[in-house]
Amino acid sequence: MTTKWVYDFGGGASDGDASMKNLLGGKGANLAEMARLGLPVPPGFTITTEVCTVFYDLRKKYPAGLDAQVEAALAMLETKTGKTFGDTNNPLLVSVRSGSRASMPGMMDTVLNLGLNDETAEGLAVLSGDRRFAYDSYRRFIQMYSSVVLDVPDDVFEHILDDYKESNDLRFDTELGAESWREVIEQYKKAIDKRRGRPFPQEPKDQLWGAIGAVFSSWMNDRAATYRRLNDIPQSWGTAVNVQAMVFGNMGESSATGVAFTRDPGTGEKRFYGEYLLNAQGEDVVAGSRTPAPISRARQAELKSDDTSLEEAMPAIYKELTEVAERLETHYRDMQDIEFTVEQGVLYMLQTRSGKRTAQAALKLAVEMCREGLISREEAILRLDPAQLDQLLHPAISEDAVRDIFVKGLPASPGAAVGQIVFDSAEAVLLAQAGKAVILVRMETSPEDINGMHAAKAIVTARGGMTSHAAVVARGMGRPCVCGAGALQIDSERGVVRVGSRTLRRGDVITVDGAKGQVLVGAVKMVEPMMTGEFGELMTWADGVRRLRVRANAETPLDAATARRFGADGIGLCRTEHMFFDAARIPVVREMILADSEKGRRRALDKLAPMQRSDFTEIFRIMAGLPVTIRLLDPPLHEFLPHTAADIAEVARQSGVAIELLAARARELHESNPMLGHRGCRLGITYPEIYEMQARAVFEAALDVARETGKAPVVEVMIPLVATRRELQLMRERVVAMAERVFQERKAQIDYLVGAMIELPRAALRAGDIAEEADFFSFGTNDLTQTALGISRDDAARFLKVYEERAIYERDPFVTIDRIGVGELVRIGCARGLAVRPNLKLGVCGEHGGDPASIYFFEEVGLDYVSCSPYRVPVARLAAAHAVLKKAR
Ligand code: ADP
Ligand code: MG
Ligand code: MG
């Protein structure tokens with residue numbers, strides 16, 4: 001049997017339908033489907049995507065038999081239209097349109113009016129009784145065909161036309177009559193001949209094959225290849241070619257062309273929405289040479305436009321079009337983006353597809369279509385992309401705002417904010433306290449900047465990637481952030497920041513667009529996040545479907561409250577060190593670090609204990625009855641000491657400690673590789689009194705809250721950076737002993753768990769031993785990624801981009817978990833842990849916990865929960881529901 005390479009559509013019979021997108025491309029499949037529905041589609045045929053694949057396999061040759069099948073389809077098209085290709089009296093004209101499975105900008109532009117030559121143009125003139133129309137169509141065809149098929153640039157034609165108009169004293173194209181266009185056409189042809197050494201092809205069949213070849217060739221052009229890479233579209237998909245009988249929207253005032261959406265793609269509102277042009281061909285609407293008018297009367301009134309709406313200009317057509325739109329929407333059960341043309345009072349449909357939409361519209365559409373009974377709840381959940389949801393949770397820059405871009409960087413944390421520039425965290429805090437909106441601009445940030453970052457409305461850094469300190473903390477706090485804006489030259493001493501020749505100063509107002517990674521000059525118009533009923537409704541549906549619990553990483557009462565507001569099921573990571581950075585506490589923390597004996601350390605720790613207890617009390621209150629995982633101290637102690645000579649002097653002055661002592665201690669604590677240094681449970685092993693103080697604070701706070709509210713928190717004490725069973729065993733003994741002591745003192749007790757953070761490859765491999773001592777595992781996939789790949793995330797930005805481009809790692813492994821490497825360690829850890837302790841609780845904390853693609857993986861592995869920053873909780877809830885639904889499909 002011979003392969004079918006060509007599928008007919010329209011004119012009463014279609015070979016294909018909407019289910020054949022892979023073979024016919026989106027455009028071809030939907031044209032066939034619309035024709036099947038009995039809608040007015042100009043007939044045509046589709047050359048399949050398989051031909052494209054074979055074309056490249058055969059080094060740009062067509063498969064045997066294609067020729068004959070195209071001939072047959074052309075003959076069929078002639079029968080359906082009653083016209084003949086290349087016939088002088090009644091010529092068939094066609095459009096040649098590309099169309100892959102996924103809609104893809106960057107491919108060949110459509111060629112209209114193909115089949116015109118010196119003779120058929122005359123035929124068209126006679127047939128239409130309009131010579132100007134015929135020559136106008138011909139000159140458009142020559143220009144389009146030459147630019148997309150023959151590589152003759154547009155400006156060649158524009159120059160000729162401009163010169164012609166100038167020497168004939170004409171200003172607008174509309175002033176050129178039939179004869180003028182004929183003269184212009186002669187000049188066009190001469191120019192092509194001169195450039196190419198060959199005349200413009202007069203034979204319609206040659207024109208057709210030229211256009212078909214250009215569509216297939218465009219599949220491999222740079223623009224298309226780049227777009228495919230960015231959007232994960234495999235090269236093997238190929239593109240189809242659609243050849244379709246022309247209908248003319250440029251045959252006078254009873255003709256028109258336009259595009260429409262069945263609902264508003266910006267807001268999701270149920271109202272017909274679109275634009276059109278009278279007496280025009282398709283490309284005029286997009287080319288922007290004429291401004292299209294609104295389709296509906298309502299929209300025209302809203303825009304206070306002087307144009308006449310289609311509803312007024314052609315009421316019958318408008319009515320028919322709205323009926324078609326409704327039918328298409330019901331049929332496809334989704335908002336449609338449609339293209340149409342009216343030829344002398346007759347409506348034709350030229351395209352339909354699911355319309356692109358904003359996050360806000362996606363949400364409204366999904367919920368309303370479910371209420372209307374058009375789609376099920378599961379489908380409604382799947383219609384909203386979790387990654388897109390992020391846009392709804394932060395203020396955003398208004399669509400119509402004018403952007404004066406100062407610098408571009410990485411879109412590290414979404415949302416937008418306006419404020420004045422500050423270069424220093426302390427200043428940020430002071431100004432914020434005075435009620436000013438500030439934006440912190442720095443080379444990079446460190447844990448000492450926490451307060452400044454919190455005080456700021458947004459953060460901008462010149463260095464660092466998507467998982468740099470600034471990015472991670474900003475996402476956690478829900479602050480918009482642009483990172484790695486390398487063009488920034490910051491001179492904080494002078495209080496200026498430069499990009500090239502432009503300079504801004506301390507106090508100047510900027511706007512940060514964290515979603516786009518842009519820093520804009522001045523205050524730009526914003527819109528508030530939408531947290532309306534539809535949002536809540538869809539999230540409730542998602543909660544009904546998901547299996548994974550979603551917790552938040554939160555260490556302040558504010559974060560905890562945000563997490564609850566966003567529907568967190570508890571806290572999966574409460575980092576206790578953040579509490580130590582508080583301005584009131586850091587002197588006491590330093591006192592502890594500077595002490596030269598255990599006794600001295602305990603004295604300082606006694607002062608810290610009540611503060612730490614009150615932190616936990618507040619968090620337990622907010623989380624009433626929900627699990628809270630508290631991670632004991634993790635970072636190396638030197639992070640709490642000043643580093644520069646000036647800072648050391650300042651701290652020494654404030655705390656009354658000798659400068660030399662402070663400097664010496666800072667030197668002593670210095671490590672050449674702190675990430676792998678004296679940190680995590682290694683601190684607990686060497687200074688057990690620190691963990692003891694923290695454990696006491698936890699249990700006392702838990703008992704306080706249990707007594708006060710009658711609801712005991714579910715306390716989970718987590719030991720960081722465990723590598724061996726013995727480490728955990730020692731730490732567990734201390735924690736349990738402290739719990740017993742507190743319970744005895746208070747004559748009350750609560751349930752609690754002790755577990756390990758699994759963030760070292762050894763811990764994952766030896767998970768069986770470690771599970772002997774652990775009630776739960778929480779995979780710390782940030783550090784696990786660093787230690788498994790041997791890549792420091794703070795230094796990764798310099799080479800990871802190249803790694804992604806070369807497809808060494810498909811995605812940034814700090815954003816989406818490296819499934820087959822780091823993910824394998826997670827799988828092994830779970831399996832070996834569960835084998836020893838079947839009721840072992842399993843979770844993940846770290847940036848991957850809020851990343852949809854990683855969440856699909858965690859669902860697969862069967863974790864109990866994910867934990868992410870509070871602002872990502874809704875994203876994770878939705879992604880967890882998607883994970884279940886996609887698995888079932
Ligand atoms: P794109 O994929 O860029 O949207 P299309 O193939 O849809 O390109 O073509 C763009 C426009 O060209 C269409 O919206 C339509 O207005 C016009 N067009 C395409 N084919 C025809 C045709 N057979 N008759 C009239 N106009 C057409
Ligand atoms: Mg189109
Ligand atoms: Mg860690």
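Numbers for residues simply follow the sequence, beginning at 1. Remember, it's 1-based here, ligands and their atoms both numbered in the order they're listed.
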Legend entry - D8 side chain vs D15 backbone, donor-acceptor pair below 3.5 Å: no
Inset, instruction - Tell me whether the guanidinium CZ or amine NZ of K190 lies under 6.0 angstrom from the six-membered ring centre of Y188 and within 45° of its axis. - result: no
When the side chains of residues 141-153 are checked against the rest of the protein, which donor-acceptor pairs come out under 3.5 Å, sequence neighbours left out?
residue	atom	partner	partner atom	Å
Q143	NE2	D154	OD1	3.1
Y145	OH	Q207	O	3.0
S146	OG	I142	O	2.6

Below 3.5 Å, can you tabulate the donor-acceptor pairs from side chains in residues 26-40 to any protein atom, sequence neighbours excluded?
residue	atom	partner	partner atom	Å
K27	NZ	S98	O	2.8
N30	OD1	Y332	OH	2.9
N30	ND2	G26	O	3.3
N30	ND2	T352	O	2.9
E33	OE1	A18	N	2.7
E33	OE2	H331	NE2	2.6
R36	NE	G16	O	2.6
R36	NH2	S14	O	2.9
R36	NH2	G16	O	3.3

Tell me which donor-acceptor pairs under 3.5 Å the side chains of residues 241-248 have, and how far apart each pair is, sequence neighbours excluded?
residue	atom	partner	partner atom	Å
N242	OD1	T46	OG1	2.9
Q244	OE1	R97	NH1	2.8
Q244	NE2	P42	O	2.9

Inset, instruction - Walk me through it: do L92 and D87 pass the test side chain to side chain contact (heavy atoms under 4.5 Å, CB included)? - result: CA-CA 7 Å; L92 168 65; D87 186 272; over 6 Å; no
Legend entry - Heteroatom N/O/S of Q351 within less than 2.8 Å of the Mg ion (ligand 2): yes
Inset, instruction - Select all protein residues for which some heavy-atom-to-ligand 1 distance is less than 4.0 Å, and list them by chain and number. - result: K27, S95, R97, T110, L112, Q244, A245, M246, V247, T257, G282, E339, L350, Q351
